[in-house]
Trainee: 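The structure's right below; bear with me while I get my questions together.
Because only heavy atoms are used, hydrogens play no part in the values below, and waters and symmetry mates are left out as well, while side chains stay in. In what follows, chains are A, B, ... by sequence order, proteins preceding strands, each numbered from 1. What you see is a predicted model; the values in this text were computed from it and never measured.
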There are 2 protein chains.
Amino acid sequence: MAGRTNTPGQTVSRRLLAVLDTFDVAHPALTLTEVATRSGLPVSTARRLINELRAWGGLERLDDGRYHIGMRLWTIGALAPQQRGLRAAALPYMHDLFQATQENIQLTVLEGTQALCIEKISSTKAVPTLTHIGGRLPLHATGVGKAILAFSGEELFSSVTEAGLARMTPHTITQPGRLAAALAEVRASRVAYAYEEMTLGAVSVAAPVLGLDGRVLAALGIVAHSRAALDRLAPAVRTAALGIARWAN
Amino acid sequence: MAGRTNTPGQTVSRRLLAVLDTFDVAHPALTLTEVATRSGLPVSTARRLINELRAWGGLERLDDGRYHIGMRLWTIGALAPQQRGLRAAALPYMHDLFQATQENIQLTVLEGTQALCIEKISSTKAVPTLTHIGGRLPLHATGVGKAILAFSGEELFSSVTEAGLARMTPHTITQPGRLAAALAEVRASRVAYAYEEMTLGAVSVAAPVLGLDGRVLAALGIVAHSRAALDRLAPAVRTAALGIARWAN
DNA sequence: TCCGCATTACCACTGGGTGGGAGAACCAAT
DNA sequence: ATTGGTTCTCCCACCCAGTGGTAATGCGGA
């Protein structure tokens, strides 16, 4: 910007967005100094930007002085088409699946080299999963992840393997070769499994939601307790994914 | 900002946010010139700001050159606590209600002088409603709106009536006096009805979700076809709202 | 090919942005 | 009550990032 900048080359906008970036799932509410520290901005600057956002409705202030994301941002975020169109198309199918199984149902899309959960239906009875709406999952260790990865081309596969296949449990696939083999199977069957590769005690089936051009729009998955249940659920998930694809295109 | 500003007094941040504001439910995707026109900014300026947002991930570009809200904004918006906490608390109850009734279930919060829909469950069988997630509803002509209004104090009531009670159908309450009487009844029964006041052919029951301090956190409502069904549904809605309040506090 | 509109690129000019620092406010410990 | 530390709020001299007119380029349709 202008003035006595410490770090020239930074635009105002970038700073403003950096303020927003300080908030995440682990830090939904922050004080002024926390925002300043996490964003690397001087306190004065952070304060001015926060107030600007506050006047607009993007940030709100709690009684204890901490700030948190406001409804204005939520409203605008809800316009993101990946989630808008897909969600509308997927929800009825997800409810059907949920009614039939009472297990966790999740809908994810690709974001970078991770799977982003855009919708989730769960009950208190289902397996507790770490995932929340807006949360991210690794592509190599989850059913939904593999369903996306299998239909996303060589390029993504490379960047994922190069980034390293992090081991989450003893069952996680950490060798690129074994992952490639698993993905080939997914392509053939159009269904992806994950057996306690992400969390011990949780298994999952997932199916890709494919666009007319063959690209993956999303992946629909169920997380359940027992391995046995999966074979019974797989056809249901595949059918639901096909149904969603029909509406989403 | 700096430079040959046409409208001094405008901050960069305000312009950046004005760009975001050009997107809404009716205009989820816009071209550069549309953004410039709707925001009142020169094309050059709009372009620079758009690119700044794009680099960050807040906007994305379609093949046809149009821009739309990106997943980055959605992810951050998902952190808004009003929707995060409430949604998590409400979803199980909403599913229960949906399973039992197969009608539209909606969860709304107060935003300004309107009700903002933060979650909705519907099926193809249910009454088609205009509402979508992220959409706004008038406070005086809907069940959820009245449930919120009834427990929100005199101040809000004044601003709503002063803004004018817009007539949506012949059944809409447009006289402040009659509205006040209706709200008193809501306060007594803790349940709000709306009989074709918003849309002909659609009736609704709603109940407020009250915080420990007595303030309304949200309103839970069902939209159905027939007036007869409402009396049957009212206790269920009230119970569910109480259940949600227990978790949300 | 020509015309009209949307998008991209450039750049001289300047006012909005910057951040250090001073003071207020708050809290906990002494 | 006093001290010391931390966080928040406010101010303002300095100046560089932001601005937007203009021109070039791209893209269809007539």
Trainee: Roughly, in whole Å, what's the span from CG in A/Leu16 to P in D/dG18?
Mentor: 12 Å
Trainee: When you measure from the side-chain N and O atoms of B/Arg48 to the phosphate of D/dT19, is any distance below 4.0 Å, counting only OP1 and OP2?
Mentor: yes
Trainee: Within this structure, what is the CZ-to-C1' distance between B/Arg15 and D/dA17, rounded to whole angstrom?
Mentor: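 Distance check: B/Arg15 CZ to D/dA17 C1' gives 13 Å.
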Trainee: Go through D/dG21, D/dT19, C/dG20 for me and flag the one nearest to the B/Thr5 side chain.
Mentor: D/dT19
Trainee: Give a yes/no on whether any side-chain N or O of A/Asn51 is located under 4.0 angstrom from OP1 or OP2 of D/dT9.
Mentor: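 For D/dT9, OP1/OP2 do not have a side-chain N/O of A/Asn51 under 4.0 Å.
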Trainee: Quick check: are there more than 12 heavy atoms from other residues, nucleotides or ligands sitting under 6.0 Å from CZ of A/Arg61?
Mentor: yes
Trainee: Let me know the distance between CG of B/Asn6 and C1' of C/dT14, rounded to the nearest Å.
Mentor: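 Distance check: B/Asn6 CG to C/dT14 C1' gives 13 Å.
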Trainee: If we ignore hydrogens and angles and just use 3.5 Å, is the side chain of B/Ser39 paired with the main-chain N or O of B/Val35 as donor and acceptor?
Mentor: yes
Trainee: Could you tell me which residues satisfy side-chain hydrogen bond (donor to acceptor under 3.5 Å, both in side chains) with A/Asp24, sequence neighbours excluded, listed by chain and number?
Mentor: A/His27, A/Arg38
Trainee: To the nearest Å, give me how far apart CG (A/Leu41) and C1' (C/dG20) are.
Mentor: 15 Å
Trainee: Just by distance, no angles: are the side chains of B/Thr5 and B/Gln10 close enough, under 3.5 Å, to form a donor-acceptor pair?
Mentor: no
Trainee: Between B/Thr45 and D/dT19, is there a side-chain N or O to OP1/OP2 distance below 4.0 Å?
Mentor: no
Trainee: Between B/Glu111 and B/Gln82, is any side-chain donor less than 3.5 angstrom from a side-chain acceptor?
Mentor: no
Trainee: For A/Thr11 and B/Glu52, does a side-chain donor sit closer than 3.5 Å to a side-chain acceptor?
Mentor: yes
Trainee: Output yes when a side-chain donor or acceptor of A/Thr199 lies under 3.5 Å from a complementary backbone atom of A/Ala202, and no otherwise.
Mentor: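 Looks like no, no N/O pair under 3.5 Å.
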Trainee: To the nearest Å, give me how far apart CG (A/Leu30) and P (D/dC8) are.
Mentor: 11 Å
Trainee: How does protein contact run along nucleotides 5-11 of chain C, one letter per nucleotide 5' to 3', with B for base contact, S for sugar-phosphate only, - for none, heavy atoms under 4.0 Å?
Mentor: -SSBB--
Trainee: Tell me: CG of B/Asp63 to P of D/dG26, nearest whole Å?
Mentor: 19 Å
Trainee: Rounded to whole angstroms, how far apart are CG on A/Leu62 and P on D/dC8?
Mentor: 13 Å
